[in-house]
Amino acid sequence: MITLKLPDGSARQVAPGARARDVAESIGKRLAQAAIAAKVNGEVVDLAREFPAEPAEVSFQVLTDRDPESLEVLRHSSAHIMARAVMRLFPGTQLAFGPALANGFYYDIESPTPITEADFSRIEAEMKKIVAAAEPFERFERSVPEGRALCSEMKQELKVEHIDEELKKYPTLSFYRQGEFIDLCRGPHIPNAGKLGAFKVLSIAGAYWKNDASRKQLQRLYATAFFTQKELDAYLAQLEEAKKRDHRVLGKQLKLFTISQEAGQGMILWMPKGAMVRSLLETFIKDELMQRGYSPVYTPHIGRLDLYRTSGHFPYYRDAQYPPVYMNPMCQTIDTWLTLLEKKKLMQEREQAFLNLLESFTKGELPEGEDDNAQYTWGQVVLDVRALWLEYREAKDDEGKLTSLRNWLHGQEGYLLKPMNCPHHIQIYKAQQRSYRDLPVRLAEFGTVYRFEQSGELGGMTRVRGFTQDDAHLFMTPDQVHEELVSNIELVLMILKILGLNDYRVRVSVREPGSSKYVGEPDLWEKAEKTLVDVVSQLKMNFSIGVGEAAFYGPKIDFIVKDCIGREWQLGTVQLDYNLPNRFDLEYTSSDNRRLRPVMIHRAPFGSMERFCGILIEHFAGAFPLWLAPEQARIVTVSDKFNDYAKSVEKTMKAAGLRVTGDYRPEKIGAKIRDGSLEKVPYLLIVGEKEQSAGAVSLRDESIKEMKARDVGSFPVAEVIERLRTEVSEKRIRNVSTASAGLADTEEKYSA
RNA sequence: GCUGCUGUAGCUCAGUGGUAGAGCACUUCAUUGGUAAUGAAGAGGUCAUGGGUUCAACCCCCAUCAGCAGCUCCA
């Protein structure tokens with residue numbers, strides 16, 4: 001006999017081979033009816049699963065629609081039901097994977113005729129039929145060869161491939177049958193399709209087979225499912241609400257920023273109100289940094305290619321950069337030539353074309369008189385090209401050709417739009433002799449960088465091609481590292497706290513073992529990674545390890561927050577770097593007069609101003625705290641008889657350092673209040689007969705939820721000024737809603 | 001970059017193979033109103049761009065650009 005320990009502490013005996021469903025029935029009929037799955041020793045299993053003889057004692061729980069695990073089971077089963085419907089409507093469909101997600105599920109498929117949004121209603125109708133039939137999910141097992149044969153027989157080639165690549169190491173394969181539909185699947189599943197209360201097919205998108213961009217692209221059908229229609233409706237309503245606070249929507253409505261097709265994709269144009277918010281944030285952090293011993297610096301937006309060859313940015317991350325700017329107009333072409341040769345993709349025909357081009361440049365007379373290219377004369381171009389042409393023809397093999405192209409390009413003057421600020425800051429460090437007494441040197445700059453993100457990645461302010469980091473580089477002795485790390489982590493935490501951004505997680509990002517995308521010696525990496533883990537552990541922070549998330553020069557601690565539609569974004573970052581000091585040969589003089597290598601910390605508490613402000617817009621739903629509000633108060637006159645008094649109030653308040661405007665349109669007061677409210681002005685100051693005679697304003701606080709309670713009474717102007725100034729200096733947070741706008745957050749926020 | 005969808009007035013969106021509409025916003029006039037929308041009139045568009053099909057294209061086809069969803073990527 002097997003002993004089951006139930007959640008209420010009681011125990012039950014069952015014979016081996018008994019099913020979870022039998023136990024549920026023996027406990028109660030209603031429980032059995034409500035049962036979705038069971039949990040045995042922490043593992044969720046089918047109700048029909050038989051208890052094995054071993055172990056003799058297990059914990060046991062019946063899961064009903066009230067348990068969160070059940071929803072996951074339901075959604076996974078829904079994926080099967082959806083796949084079954086698709087198979088009926090699109091014969092010959094290949095199935096890949098169909099897992100449950102935090103808010104729904106998907107199934108990756110490949111159908112002979114592509115599915116479009118227009119098919120969603122048909123798919124849903126077919127699913128309804130399957131649900132109405134309420135057929136059971138039946139599990140059965142096969143040996144690997146038998147299972148493979150079964151998949152092959154069903155013409156499910158992707159499943160066969162998966163068995164061959166992954167599953168063949170297991171002793172048996174499990175399948176689930178639902179009517180005519182059989183799917184290779186680990187389970188568990190709901191007892192029958194009738195348990196699916198409400199569902200909706202949401203979207204279709206491309207997804208690579210096994211998440212590998214080099215493999216074929218399948219169609220991924222997204223949907224969601226719930227036990228009741230009411231829950232589904234609530235979820236869809238939440239999605240709608242979240243959309244309204246999307247920073248792209250609010251940014252337009254509140255005139256915070258714009259992106260113009262003419263200025264270029266991924267380029268944020270800060271409008272006056274957005275710029276005000278950013279400027280206030282910058283001032284805030286700048287003041288903090290000055291107190292913490294940072295030195296502000298300024299560096300240009302472009303830098304010589306050699307600088308970035310030394311740092312490693314240029315060679316390591318070509319794909320993510322704007323192409324370099326060369327003085328010689330031929331360089332772009334030679335650069336392409338070199339890249340093709342490096343990637344062994346230079347066809348002979350193509351090579352000949354390049355050579356012909358070079359040769360054509362070496363011929364002909366030089367133009368007489370004034371040259372119309374001020375940066376690089378034709379004479380220089382011809383001489384340069386001729387030198388390369390001669391050398392390249394001499395090259396005996398690909399190696400020789402590569403060398404000639406490389407040497408030539410290295411001799412050409414070129415600039416890169418800077419992808420990072422560190423090399424420039426390093427030059428400032430190097431510009432003078434550094435003693436151990438000077439360290440740590442902390443150089444800070446709001447540095448604008450440019451990265452050529454793939455076009456499909458761009459969106460709003462959170463993923464852009466030009467952005468400004470609240471960057472700083474700290475140069476220190478090895479034994480100062482710990483203290484500097486701690487103080488920077490505290491800075492990030494302080495900022496998040498002041499803004500009420502409490503929904504974040506911490507990740508220690510380390511290198512991917514065996515990957516070639518990192519510079520430096522493994523033992524330095526080892527050391528750096530260990531240091532970071534030690535520091536966050538010591539600070540008793542919850543964190544996860546992000547393998548492969550490190551920067552190419554070192555590991556980092558990232559602070560990641562969610563936007564209102566549930567996507568995660570890295571904001572603050574603190575990075576430890578033993579490599580760039582080596583590459584740039586940085587030194588300081590120690591107390592015993594030796595030349596030693598400093599250590600660097602790169603850190604950006606906001607990450608980028610663009611992304612941070614984007615997240616903030618969503619976090620506050622556009623209603624910024626008073627200290628950040630672009631327009632802190634707006635004077636609303638009851639009629640224009642009071643405009644003169646209102647203007648004097650406006651002047652007084654502006655003189656007191658508050659950002660105040662006046663609405664002097666000949667509109668009715670209700671309309672003006674409505675406009676002010678929609679524009680998320682924190683305070684509206686109503687001015688009419690009573691206020692004018694009393695030297696007062698009537699204060700309307702827009703952060704009060706109940707509209708009728710917003711009128712908080714009449715106060716003397718001086719008192720209102722005092723009140724607002726206090727709120728500003730306290731950086732009081734008004735009206736904060738959760739960053740995820742109530743979206744289900746079933747994932748573990750932290751893992752230790 | 002890939003797959004799919006979308007692009008009409010400043011904004012949100014209707015629309016038809018026979019050269020365009022609504023609401024809001026804007027301008028003007030009237031109204032001087034006490035805590036979420038006063039009324040009227042007016043102005044405003046090469047229907048993303050470039051080709052093609054057609055007697056005729058905003059509509060159909062192709063390409064490009066951009067946006068959205070997702071995948072891949074993200075120093």
Side-chain angles (χ1 to χ4, degrees), chain A residues 106 108 110 114-118 202-222 243 246 248-249 252-253 255 258-262 264-266 308 311-321 418-422 449 451-460 462-465 509 517-519 548-554 556 565 567 569-570 573 575 577 579-580 602 636-643 666-678 684-691 698-702 707-714:
Chain A
Y106 67 77
D108 282 350
E110 186 184 31
I115 292 175
T116 70
E117 281 169 34
L202 295 173
S203 65
I204 181 106
Y208 298 106
W209 169 226
K210 297 201 172 187
N211 290 337
D212 182 346
S214 66
R215 297 204 190 214
K216 68 175 151 190
Q217 197 161 26
L218 310 171
Q219 284 196 296
R220 178 170 293 180
L221 198 49
Y222 281 90
K243 268 187 202 157
D246 187 320
R248 292 166 295 194
V249 174
K252 197 175 273 181
Q253 273 170 11
K255 301 187 172 58
T258 187
I259 300 171
S260 129
Q261 198 175 129
E262 288 181 76
Q265 55 175 168
Y308 288 100
S311 70
H313 292 96
F314 182 59
Y316 278 83
Y317 289 97
R318 283 295 311 252
D319 294 348
Q321 289 160 7
K418 69 180 177 189
M420 288 190 94
N421 299 303
C422 28
V449 296
R451 299 178 187 181
F452 192 81
E453 303 285 356
Q454 297 184 60
S455 58
E457 301 307 333
L458 299 171
T462 42
R463 196 77 186 265
V464 294
R465 284 185 173 164
S509 301
K517 62 181 196 181
Y518 308 101
V519 298
E549 303 286 348
F552 78 92
Y553 47 76
K556 52 192 183 136
I565 35 187
R567 293 173 304 190
W569 300 100
Q570 178 195 309
T573 181
Q575 315 180 347
D577 178 9
N579 283 309
L580 290 185
H602 311 231
V636 173
T637 49
V638 171
S639 87
D640 54 15
K641 282 188 284 192
F642 313 107
N643 279 5
E667 281 295 340
K668 289 175 86 168
I669 182 172
K672 295 190 200 180
I673 285 173
R674 180 171 188 271
D675 289 345
S677 185
L678 290 176
L684 298 178
L685 311 176
I686 317 301
V687 164
E689 180 62 46
K690 284 178 286 184
E691 289 78 9
S698 176
L699 195 62
R700 184 181 157 98
D701 183 346
E702 285 295 319
M707 220 186 280
K708 292 203 171 92
R710 289 184 184 169
D711 179 2
V712 291
S714 181

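First the proteins, then the strands, lettered A, B, ... as listed; each starts at 1. Not measured: the values here are computed from a predicted model. Any value given below was found using the heavy atoms of this structure, including those in side chains, with hydrogens, waters and symmetry copies removed.
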Nucleotides bounding contact with chain A, strand RNA chain B, heavy-atom threshold 4.0 Å:
G1(B) to A75(B)
Identify, with sequence neighbours excluded, every residue that meets ring-ring contact (aromatic ring centres under 6.0 Å, His included) alongside W209(A).
F97(A)
Within the 4.0 Å heavy-atom criterion, would you say R463(A) contacts the bases, only the backbone, or no part of the nucleic acid?
base
Heavy atoms only, 4.0 Å cut-off, all strands: where does I259(A) land among base, sugar-phosphate and nothing?
nothing
Touch class at under 4.0 angstrom, heavy-atom based, for S698(A) against every strand present:
base
For K672(A) and for E453(A), locate the closest nucleotide of RNA chain B by heavy-atom distance; then report the residue assigned to the nucleotide nearer the 5' terminus.
K672(A)
Rounding to an integer number of angstrom, what distance separates G4(B) and C61(B) when you compare their P atoms?
15 Å
Using the C1' atom on both, measure U27(B) against A43(B) and round to a whole Å.
7 Å
Any base atoms under 4.0 Å from E549(A), or only sugar-phosphate, or nothing? Heavy atoms, all strands.
nothing
Under the side-chain contact (heavy atoms from CB on, under 4.5 Å) test, which residues partner E457(A), sequence neighbours left out?
Q454(A), R463(A)
Would you say F642(A) and E691(A) make side-chain contact, with heavy atoms under 4.5 Å?
no
Toward the 5' end of RNA chain B, which comes first, Q261(A) or D711(A), by nearest nucleotide?
D711(A)
Once side-chain contact (heavy atoms from CB on, under 4.5 Å) is applied, do any residues pair with S260(A), and if so which ones, sequence neighbours excluded?
E262(A), A263(A), L269(A)
Should the pair R248(A)-D246(A) be classified as a salt bridge under the 4.0 Å nitrogen-to-oxygen rule?
yes
Need one value for G460(A): base, sugar-phosphate or nothing, where a base atom within 4.0 Å counts as base even if backbone is also close, heavy atoms only.
sugar-phosphate
Parallel, tilted or perpendicular for H313(A) and Y308(A), by the 30°/60° rule?
perpendicular
Determine the Euclidean distance between corresponding P atoms of A9(B) and G21(B); express it in Å to zero decimal places.
14 Å
Atom pair CD/SG of Q575(A) and C422(A) - distance to nearest 0.5 Å
8.0 Å
Under 4.0 Å, counting only non-hydrogen atoms across every strand here, what does Q265(A) touch: a base, just sugar-phosphate, or nothing?
sugar-phosphate
Give I669(A) one of three labels, base, sugar-phosphate or nothing, depending on what nucleic acid heavy atoms sit under 4.0 Å from its own.
sugar-phosphate
Taking A48(B) as the reference, what is the distance to C11(B) when you measure between their P atoms (whole Å, please)?
13 Å
Within the 4.0 Å heavy-atom criterion, would you say P114(A) contacts the bases, only the backbone, or no part of the nucleic acid?
nothing
Spacing of the C1' atoms in A20(B) and U8(B) (rounded, Å):
8 Å
Could you work out the separation of U38(B) and A25(B) based on their P atoms and round it to a whole Å?
9 Å
Rounded P spacing from C62(B) to U3(B) in Å
14 Å
Base, sugar-phosphate or nothing for A320(A)? Non-hydrogen atoms, less than 4.0 Å.
base
State which residues pass ring-ring contact (aromatic ring centres under 6.0 Å, His included) with Y317(A); sequence neighbours excluded, sorted by chain then number.
F552(A)
Sorted by chain and residue number, the side-chain contact (heavy atoms from CB on, under 4.5 Å) partners of S677(A) (sequence neighbours excluded) come out as E702(A), R710(A)
Check every strand shown and say whether K708(A) touches a base, only sugar-phosphate, or nothing at a heavy-atom separation below 4.0 Å.
nothing
With sugar-phosphate meaning primed atoms plus P, OP1 and OP2, does N211(A) contact a base, only sugar-phosphate, or nothing at under 4.0 Å between heavy atoms?
sugar-phosphate
Looking at every strand, decide which applies to G670(A) at a 4.0 Å heavy-atom threshold: base, sugar-phosphate, or nothing.
sugar-phosphate
Apply side-chain contact (heavy atoms from CB on, under 4.5 Å) to N643(A) and list each qualifying residue two or more places apart in sequence or on a separate chain.
T637(A), D640(A), Y664(A)
Applying the Watson-Crick and G-U criteria (both distances under 3.5 angstrom) with [ ] for crossing and | for other-strand pairs, one obtains for RNA chain B (((((((..((((....[..)))).(((((.......))))).....(((((..]....))))))))))))....
For Y106(A), answer base if it contacts any base atom (sugar-phosphate contacts may also be present), sugar-phosphate if it contacts only those atoms, and nothing otherwise; contact means non-hydrogen atoms under 4.0 Å.
nothing
What nucleic acid atoms does Q219(A) come within less than 4.0 Å of, heavy atoms only: base, sugar-phosphate, or nothing?
nothing
Please list, chain by chain and in numerical order, all residues satisfying ring-ring contact (aromatic ring centres under 6.0 Å, His included) with Y208(A), sequence neighbours excluded.
none
